[in-house]
Amino acid sequence: MVDSTAIGLSSLCLVHCLGLPIAAAFLPLAGAWAEAEWIHQLFVLITIPITLFALRRHRVASVHLSFVIPALIGLSFLFAAGFIETVRDYETPLTVLGAILLGSAHIWRWIKRYAPTP
């Protein structure tokens, strides 16, 4: 449940980050949403407890570091893009990379947790 929620949020983040600017060209309301900082910060604030909960519930020791490292790096990129003013010029690439790392970590954890073992 935690991994699927996290994967969904990472996907939503990518759609927002990559798709909303395209929609903003056609819809003024989408342009306002694309530039609203509170939306980015809200995504990060929702992501932090879900990721920390998943880290705490991590039960597959063999994939521990392969989940924890990309998850924490991705979360750090998302936090920096949302809250650190000095990296505003790199907000989109940091957000995209952070969402991909975090989503990939959760997908990897989910596969290792539920995949049948030979």
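Starting from 1, each residue takes its place in the sequence as its number.
In the displayed structure, Phe83 atom CZ is contacted under 6.0 Å by more than 12 heavy atoms of other residues, nucleotides or ligands.
Residues Ala71 and Ala105 share a closest heavy-atom pair of N-CB, 3.8 Å. Nearest heavy-atom pair, Ala81 versus Thr95, reported as atom, atom and distance to 0.1 Å: CB-OG1, 3.3 Å. Closest approach of Leu101 to Gly74, counting heavy atoms only: CB-CA, 3.9 Å.
Here Ser76 contributes atom OG and Leu102 contributes atom CG; the two are 10.0 Å apart, rounded to the nearest 0.5 Å. Between Phe77 atom CZ and Leu72 atom CG the span is 11.5 Å, to the nearest 0.5 Å.
Using a 4.5 Å heavy-atom cutoff, the side chains of Leu94 and Leu78 are not in contact.
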